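First up is the structure itself, then whatever we jot down about it.
Quantities reported herein were computed from a predicted structural model and do not represent experimental measurements. In what follows, every heavy atom counts, from backbone to side chain, and hydrogens, waters and symmetry copies are set aside.
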Amino acid sequence: MSNLETAPQERVCGGREDVSAQPVRELLTAKLVPLGGSTVVRRLLPNLGRRMVGAWCFVDHYGPDDIERSPGMQVAPHPHTGLQTVSWLHDGEVVHRDSLGSLATVRPRELGLMTAGRAISHAEQSPLEHGPRLHGAQLWIALPDAHRHTDPHFEHHPLLPEVTAPGLRATVIMGELDSSRSPGRTYSPLVGADLALAAGASARLPLEPDFEYAVLSMSGLAEVDGVRVEPGSMLYLGCGRRELPLRADVDSGLLLLGGEPFEEKIVMWWNFVARTQEDITQAREDWMNGDRFGTVHGYDGAPIPAPALPGVPLKPRGRMR
Ligand code: MN
């Protein structure tokens with residue numbers, strides 16, 4: 001998906017200063033971003049208090065939306081650089097087309113993973129004939145400096161490993177959970193897992209003490225380490241945990257995101273992750289000039305123009321709140 005803010009601000013993220021070395025329980029509320037029509041997405045990362053969780057640098061939760069009488073998701077071609085995008089659905093389907101010629105229909109609990117590397121462009125839309133509901137999350141992972149110029153590629157993994165316990169089904173989206181590993185290619189130590197909790201479930205999930213974690217609620221009403229997390233909000237958990245207590249009185253859907261704290265400073269603007277203001281300016285210019293990002297074929301509509309750059313230049317630096 002594209003960041004559809006009309007005047008996106010440049011943000012500096014990453015580094016150790018923003019990471020809690022100790023377990024914490026910080027409830028993060030979403031910023032509402034209009035997605036055209038009546039749809040809004042709930043943006044959990046970057047957040048005022050927390051900018052990244054491991055290498056996870058962008059988290060949007062959308063729906064469940066009734067799209068029975070509408071075209072549903074219609075995100076025209078737009079560029080990315082320096083990141084991976086993870087498309088994760090609980091309901092509906094999304095057709096992915098990119099400048100490499102990839103064409104895939106991603107369905108609920110299938111991994112659509114796009115590694116932008118140096119440059120890619122893509123479009124995402126609900127199929128012409130589609131189900132009545134759309135519910136999902138769009139997640140971005142920052143690539144470490146050593147890999148951010150890698151060749152772009154797209155992966156579609158319909159089958160992912162599952163870890164189960166009474167009342168809990170965990171689908172490993174990215175990285176490793178309890179010795180089960182996702183086939184999705186990762187570039188830094190991290191995990192993303194979908195946690196389906198049945199009504200009455202009580203479980204303890206094994207964690208890596210060196211990772212920082214957060215849990216996004218997508219549906220139901222679950223308690224994470226004793227804190228009720230409403231759908232559309234996220235609980236930041238810090239580092240230093242070996243396990244995570246989970247409870248649910250009703251069927252609930254959570255996303256666990258975690259990873260080794262991302263030490264490098266990144267500059268994020270619009271759909272780009274870079275290291276300097278110059279990188280961002282160049283990426284914007286290349287997109288507007290039709291260079292570097294290729295062409296998405298098969299999408300009926302014009303590409304999304306880049307918004308104007310904000311006036312005040314930013315350099316990667318320390319703590320910014
Ligand atoms: Mn996108």
Are R185 and E155 within salt-bridge range, i.e. N to O under 4.0 Å?
-> no

Charged N-O contact under 4.0 Å between E93 and R107 = no

Has [X] got a side-chain atom pairing as donor or acceptor with [Y]'s backbone, closer than 3.5 angstrom?
X    : Y    : answer
S252 : L221 : yes
T281 : Q277 : yes
R292 : W287 : no
D98  : L100 : yes
S121 : P77  : no
N47  : T29  : yes
R25  : D225 : yes
S219 : G253 : yes

Report the residues that fulfil salt bridge (Lys or Arg N to Asp or Glu O under 4.0 Å) with D66, sequence neighbours left out, ordered by chain and then residue number.
-> none

With sequence neighbours left out, the residues meeting salt bridge (Lys or Arg N to Asp or Glu O under 4.0 Å) with R148 are D145, D279

Answer yes or no: is there a side-chain heavy-atom contact under 4.5 Å between [X] and [Y]?
X    : Y    : value
H157 : S182 : no
L237 : E212 : no
T295 : S99  : no
Y213 : L205 : no
H147 : T115 : no

Which atom pair, heavy atoms only, marks the closest approach of [X] to [Y]?
X    : Y    : result
A170 : L195 : CB-CD2, 3.7 Å
L143 : F262 : O-CZ, 3.8 Å
I141 : V86  : CD1-CG2, 4.0 Å
S126 : I67  : OG-CD1, 4.0 Å
R284 : A308 : NH2-CA, 3.9 Å
Q84  : L113 : NE2-CD1, 3.9 Å

Is [X] linked to [Y] within one hydrophobic cluster, defined over Ile, Leu, Val, Met, Phe, Trp and Tyr using a side-chain heavy-atom separation of less than 4.5 Å?
X    : Y    : answer
M218 : V250 : no
V59  : V215 : no
L139 : V224 : no
L168 : V229 : yes
L257 : L190 : yes

Measuring from M114:CE to S87:OG, what's the distance to the nearest 0.5 Å?
-> 8.0 Å

Which pairs pass ring-ring contact (aromatic ring centres under 6.0 Å, His included) with one or both residues in residues 218-246, sequence neighbours excluded?
-> none

Test side-chain contact (heavy atoms from CB on, under 4.5 Å) applied to Q74 - qualifying residues, sequence neighbours left out = P71, Q125, Y299

Which residues pass the ring pair (Phe, Tyr, Trp, His ring centres under 6.0 Å) test with [X], sequence neighbours left out?
X    : answer
H78  : H80, H122
H130 : none
H297 : none

Quick one: salt bridge (charged side-chain N to carboxylate O under 4.0 Å, His left out) pairs with a partner in residues 246-263, sequence neighbours left out?
-> R16-E263, E223-R247, R247-D249

Could you list the residues that satisfy side chain to side chain donor-acceptor pair (under 3.5 Å) with [X], not counting sequence neighbours?
X    : answer
E208 : none
R43  : N3, E5, D60
D300 : none
W140 : Q138

Name of the residue among L111, V163, L160 meeting side-chain contact (heavy atoms from CB on, under 4.5 Å) with V172 | V163

Go through the steps for L103 and V95 under the test side chain to side chain contact (heavy atoms under 4.5 Å, CB included), then give the verdict.
-> CA-CA 7 Å; L103 173 60; V95 177; 3.7 Å; yes

Between H135 and H90, what is the ring plane arrangement, given parallel below 30°, perpendicular above 60°, and tilted in between?
-> perpendicular

Measure up the F154 and H156 rings against each other and bin them: parallel (under 30°), tilted (30 to 60°), perpendicular (over 60°).
-> tilted

Using a cut-off of 6.0 Å, state whether more than 12 heavy atoms not belonging to R228 lie near its atom CZ.
-> no

